[in-house]
Amino acid sequence: MIRGARPGYAPAVAVHGIDLGTTNSAIARVGKDGRPEVLAGLSGAATTPSVVLFAGPQEYVVGEGARREARLDPEHVCALVKRRMGDAEWRFVAHGTAWSAPAVSSLILKSLVADAGFATGEEPTAAVITVPAYFGDEERRATVLAGTYANLDVVEVLSEPIAAALSYGFGRLDGGPDLSKTSETVLVYDLGGGTFDATVIELADRRISVLAVEGDHQLGGADWDERIALHLSRRFCADNPDAEDPLDDSAGSQALVLAAERAKLQLSDAERTEVVVTHDGARATVPLSRDELEEMTAPLLRRTLDLTRSCLDEAARRGVAQVDRVLLVGGSSRMPAVAELLRRELHLDPQLHDPELAVARGAAIYGEKTELERMVT
Ligand code: AMP
């Protein structure tokens with residue numbers, strides 16, 4: 001049950017909201033003004049790559065520094081650990097130590113806790129941690145375990161689309177409709193770095209429930225980067241037939257994929273850009289337009305459309321003839337092609353607002369409500 005916060009009624013323990021994501025994670029809390037705020041650490045970045053570099057037996061680095069090493073030192077870099085949650089057999093072995101998925105995840109959580117401590121002067125002790133709607137009991141238990149290893153009281157494990165919807169104001173009492181009379185359905189289109197999820201959720205009789213879920217957990221922004229990197233390497237090789245293909249070398253391919261991602265980000269704002277590729281003593285300047293990017297990645301986007309359609313079909317079978325709102329979540333939903341596709345093909349009018357922070361913010365809103373309810377009841 002989600003109720004509106006009472007003005008001036010602050011919970012004793014700040015329950016933080018944590019988006020423990022496949023590619024990026026974030027931590028938030030509800031501030032004194034009643035709004036959720038994302039807490040950044042020393043780096044100033046609102047999100048932390050969910051990547052751990054095991055630099056030595058007792059030494060590890062979490063975040064951007066680890067992400068940059070991913071292709072250079074794959075034996076010591078653990079990425080995408082979320083895909084292993086719930087797999088009791090899986091271990092990441094580095095410097096002779098075997099790490100379970102909750103253990104690796106706890107390092108990411110500890111890094112977020114430290115960031116929150118840096119931002120507020122007080123390290124969080126309790127949190128709501130989000131998980132994909134399709135996570136089963138094993139994965140949810142593994143998530144709680146990760147929180148426990150990080151010395152967190154995990155107040156609740158909350159579905160990501162519900163958190164995202166809360167941050168977009170779904171089910172809010174202040175100034176909004178009376179929850180007891182409200183029935184609203186929302187489609188959450190979540191395209192992150194490594195996963196895609198489409199979910200239809202419903203708010204009815206003061207309860208929020210997940211009606212339909214579809215997704216591809218091997219599809220995300222990284223696939224766009226790979227596609228662009230391939231295009232850049234072909235152009236580089238065409239211009240420099242005697243030079244080595246950058247994709248044949250770990251440092252070259254790491255640099256190329258990072259350059260591809262930068263170009264992709266630029267093309268969400270600009271119509272065209274240029275990428276300079278240097279490798280093996282040679283150089284190529286590759287112009288790239290948004291149209292070209294969209295053309296070379298069209299099958300990827302089409303797959304998200306097909307899955308969204310199946311999700312809507314499933315919701316229709318459960319009695320939802322049409323959705324009231326469409327929310328875009330995940331950094332990759334910033335690509336203009338996403339909203340255009342949903343408008344053109346499904347005649348939907350999506351909302352986009354800080355898509356990579358929505359889940360953490362919603363978890364913080366949920367955490368605050370839970371804590372208030374614990375105090376009242
Ligand atoms: P998330 O997992 O939600 O943090 O999303 C991460 C993914 O979003 C990465 O693949 C990023 O490259 C991608 N991303 C972030 N910002 C943008 C943008 N402005 N345009 C396109 N993709 C983006």
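Order of listing sets the numbers, starting from 1, for every ligand and every atom in it.
The M335 neighbourhood of ligand 1 comprises atoms 21 (C), with distances under 4.0 Å to a heavy atom of that residue. Atoms of ligand 1 lying under 4.0 Å from any heavy atom of G221, numbered from 1 in the order shown and given with element: 10 (O). Every atom of ligand 1 is numbered from 1 in the order shown, and the set under 4.0 Å from a heavy atom of G330 is 3 (O).
At most 12 non-hydrogen atoms from other residues, nucleotides or ligands lie less than 6.0 angstrom from CD of Q322. Annotation for H353: atom NE2 does not count as buried by contact number, only 12 or fewer foreign heavy atoms lying within 6.0 Å.
Considering only heavy atoms from C-beta on, V326 stays 4.5 Å or farther from V186 through its side chain.
The pair R361-D354 meets the salt-bridge criterion, with a side-chain N (NZ, NE, NH1 or NH2) lying under 4.0 Å from an Asp/Glu carboxylate O. Using a cutoff of 4.0 Å between basic side-chain nitrogens and carboxylate oxygens, R272 and E292 are not scored as salt-bridged. The residues E214 and R309 are annotated as not salt-bridged, no charged nitrogen and carboxylate oxygen being separated by less than 4.0 angstrom. For R317 and E314, the salt-bridge test passes: some basic side-chain N is under 4.0 Å from an acidic carboxylate O.
Panel note: side chain T195, backbone L191; no donor-acceptor pair is recorded below 3.5 Å. Judged by distance alone, with hydrogens and angles left aside, the side-chain atoms of D223 form a donor-acceptor pair with the main-chain N or O of G220 at under 3.5 Å.
Looking only at protein heavy atoms, the nearest one to atom 13 (C) of ligand 1 is S332 OG, 3.6 Å. When hydrogens are left out, the protein atom nearest atom 12 (O) of ligand 1 is E261 OE2, 2.6 Å; that is the closest non-hydrogen contact. Looking at atom 19 (N) of ligand 1, its nearest protein heavy atom turns out to be R334 CD, 3.4 Å. The protein heavy-atom contact nearest to atom 16 (N) of ligand 1 is L265 CD2, 3.5 Å. Of the protein's non-hydrogen atoms, the one nearest atom 3 (O) of ligand 1 is G331 N, 2.9 Å. In this structure, atom 4 (O) of ligand 1 lies nearest to the protein heavy atom N24 ND2, 2.8 Å.
Considering backbone and side-chain atoms alike, G193 places an N or O below 3.5 Å from some N or O of ligand 1. Residue T23 has at least one N or O atom closer than 3.5 Å to an N or O atom of ligand 1.
The closest approach between a heavy atom of G21 and any atom of ligand 1 is not below 4.0 Å.
Residue contacts with ligand 1, taken as heavy atom pairs separated by less than 4.0 Å, involve S268 solely via side-chain atoms from C-beta onward.
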